[in-house]
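Below is one structure, written out as structure tokens; comments come after it.
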Amino acid sequence: MTPDLGFVHRYLPGAEESSPTLLLLHGTGGSEEDLIPLGQDLAPGAAILSPRGKVSEYGAARFFRRLAEGVFDHEDLRFRTHELAEFVEAAAEEYGFDRSKLSAVGYSNGANVAGSTILLHPGLLRAAVLLRAMVPFEPEVTPDLSGMPVFIAAGRMDRMIPPDNTQRLADILTEAGAEVDLRWRNVGHSLTYEEVGEAKEWLAGVLQGL
Ligand code: MLT
């Protein structure tokens with residue numbers, strides 16, 4: 001039986017003990033199952049840790065509350081981010097994966113909680129792939145993200161995430177020292193095969209160095 005650890009989740013062990021681990025964070029209305037095929041495609045052989053967001057928005061699972069589309073409940077966001085970080089620590093202990101080889105892959109709401117985790121818990125994630133992400137909050141203190149690789153895939157025609165908001169996120173992370181690779185495409189909120197291919201190539205380069 002899957003242990004609870006505070007979140008409904010899936011854990012799939014990696015091909016080898018030394019394999020990296022992907023923390024998969026789904027979008028609004030998703031589940032712990034959603035991104036597993038994507039994770040397996042992005043990093044074949046990696047272990048997978050995939051929690052389900054604990055906030056329900058009229059039945060749609062999310063990782064934190066929002067007051068309106070793109071307007072976040074910052075108190076809840078911070079609380080949920082710490083909760084997620086605790087879950088990751090507990091899961092590392094339970095399943096025995098190497099925390100220093102943990103990278104996040106988040107889509108939309110999942111990308112936003114990944115962004116929040118990067119800012120509030122620098123060092124927890126080694127790298128991150130943020131698909132359709134925006135600024136979770138403006139940090140009061142700039143974290144030290146020296147050398148952290150972050151891939152951001154953004155759509156110029158995304159109607160949920162204003163392009164200048166994604167650009168601001170990239171700037172915040174860059175100012176904190178992260179190595180941000182921000183890729184723009186003439187697409188909307190849905191992911192495209194081309195972007196998955198780009199993320200896969202980028203991730204392969206990053207994971208090779210771990
Ligand atoms: C969010 O609430 O995190 C963003 O608006 C994206 C989404 O709806 O998932």
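Whatever order the structure lists them in is the order used to number ligands and atoms, beginning at 1. Being a predicted model, the structure only gives us computed values, none of them experimental.
- Contact check on Glu138 versus Arg168 returns a salt bridge, with a Lys/Arg side-chain nitrogen under 4.0 Å from an Asp/Glu carboxylate oxygen.
- The number of heavy-atom neighbours closer than 6.0 Å to CD of Glu201, taken from other residues, nucleotides and ligands shown, is 12 or below.
- Judged by the 6.0 Å and 45° rule, Arg132 forms no cation-pi pair with Tyr107.
- Classification of Lys200 and Asp41 as a salt-bridged pair holds, one side-chain N sitting under 4.0 Å from a carboxylate O.
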Would you mind writing out a table of all protein N or O atoms found under 3.5 Å from any N or O atom of ligand 1, naming both atoms and giving the distance to 0.1 Å?
unit_1   : atom_1 : unit_2 : atom_2 : d
ligand 1 : 2 (O)  : Arg62  : NH1    : 2.8
ligand 1 : 2 (O)  : Arg62  : NH2    : 2.9
ligand 1 : 2 (O)  : Arg66  : NH1    : 3.3
ligand 1 : 3 (O)  : Asn109 : ND2    : 2.9
ligand 1 : 3 (O)  : Asn112 : ND2    : 2.8
ligand 1 : 5 (O)  : Arg66  : NH1    : 3.3
ligand 1 : 8 (O)  : Thr28  : OG1    : 3.4
ligand 1 : 8 (O)  : Arg66  : NH1    : 2.7
ligand 1 : 9 (O)  : Thr28  : OG1    : 2.7
ligand 1 : 9 (O)  : Ser108 : OG     : 2.9
ligand 1 : 9 (O)  : Asn109 : N      : 3.1

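- For Phe63 and His26, the gap between ring centers is short of 6.0 Å.
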Start with the C-alpha distance between Phe72 and Phe64, add both sets of side-chain angles, then the distance that settles ring pair (Phe, Tyr, Trp, His ring centres under 6.0 Å), and finish with yes or no. CA-CA 8 Å; Phe72 302 152; Phe64 57 88; 4.9 Å; yes
